[in-house]
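Presented below is the structure to which this report refers.
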Amino acid sequence: MREIHTVTEAWDFQCLHCLHIWEDVYEACHDDDGRSVVWRRQGIVTTAPWADQICPSCSAPQVKPLPARGRRDIPRVPPQG
């Protein structure tokens with residue numbers, strides 16, 4: 001039986017038409033061999049963050065995904081000083 005691991009990632013996107021920038025949070029469900037099984041956004045199964053994006057501001061399909069900024073479930077440690 002395979003074990004499924006879920007990682008929450010924040011992705012930034014930029015519209016190449018109107019230059020709007022926004023963020024979406026995705027859950028990537030991986031099986032124990034590390035391959036992505038399914039992507040979810042707001043609890044709904046969706047395509048991968050780099051596929052089929054449309055700008056929420058102008059509805060243009062020319063969207064550039066920026067690299068994932070990491071897991072959301074790890075608390076950030078504030079700087080000392």
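For reference, positions follow the sequence shown, starting with 1.
Residues H20 and P56 form a side-chain contact, since some pair of their non-hydrogen atoms from C-beta on lies under 4.5 Å apart.
The number of heavy-atom neighbours closer than 6.0 Å to NE2 of H5, taken from other residues, nucleotides and ligands shown, is above 12.
Hydrophobic clustering (side-chain heavy atoms under 4.5 Å, transitive across Ile, Leu, Val, Met, Phe, Trp, Tyr) groups W22 together with W39.
The CG atom of D12 lies 11.5 Å from the NZ atom of K64; values are rounded to the nearest 0.5 Å. The CZ atom of F13 sits 8.0 Å away from the CG atom of L66 when rounded to the nearest 0.5 Å.
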Indicate every side-chain donor-acceptor pair of residues 45-54 with a distance under 3.5 Å to a residue at least two apart or in another chain.
from, atom 1, to, atom 2, distance (Å)
T47, OG1, A51, O, 3.1
Q53, NE2, Y26, OH, 3.0
Q53, NE2, P49, O, 3.4

Before giving the answer on side-chain contact (heavy atoms from CB on, under 4.5 Å), spell out for C15 and S57 the whole-Å C-alpha distance, their side-chain angles and the decisive distance to 0.1 Å. CA-CA 9 Å; C15 177; S57 180; over 6 Å; no
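By the side-chain hydrogen bond (donor to acceptor under 3.5 Å, both in side chains) test, E27 pairs with R40, sequence neighbours left out.
Heavy atoms only, all atoms of each residue included: C29 and T6 are closest at SG-OG1, 3.5 Å.
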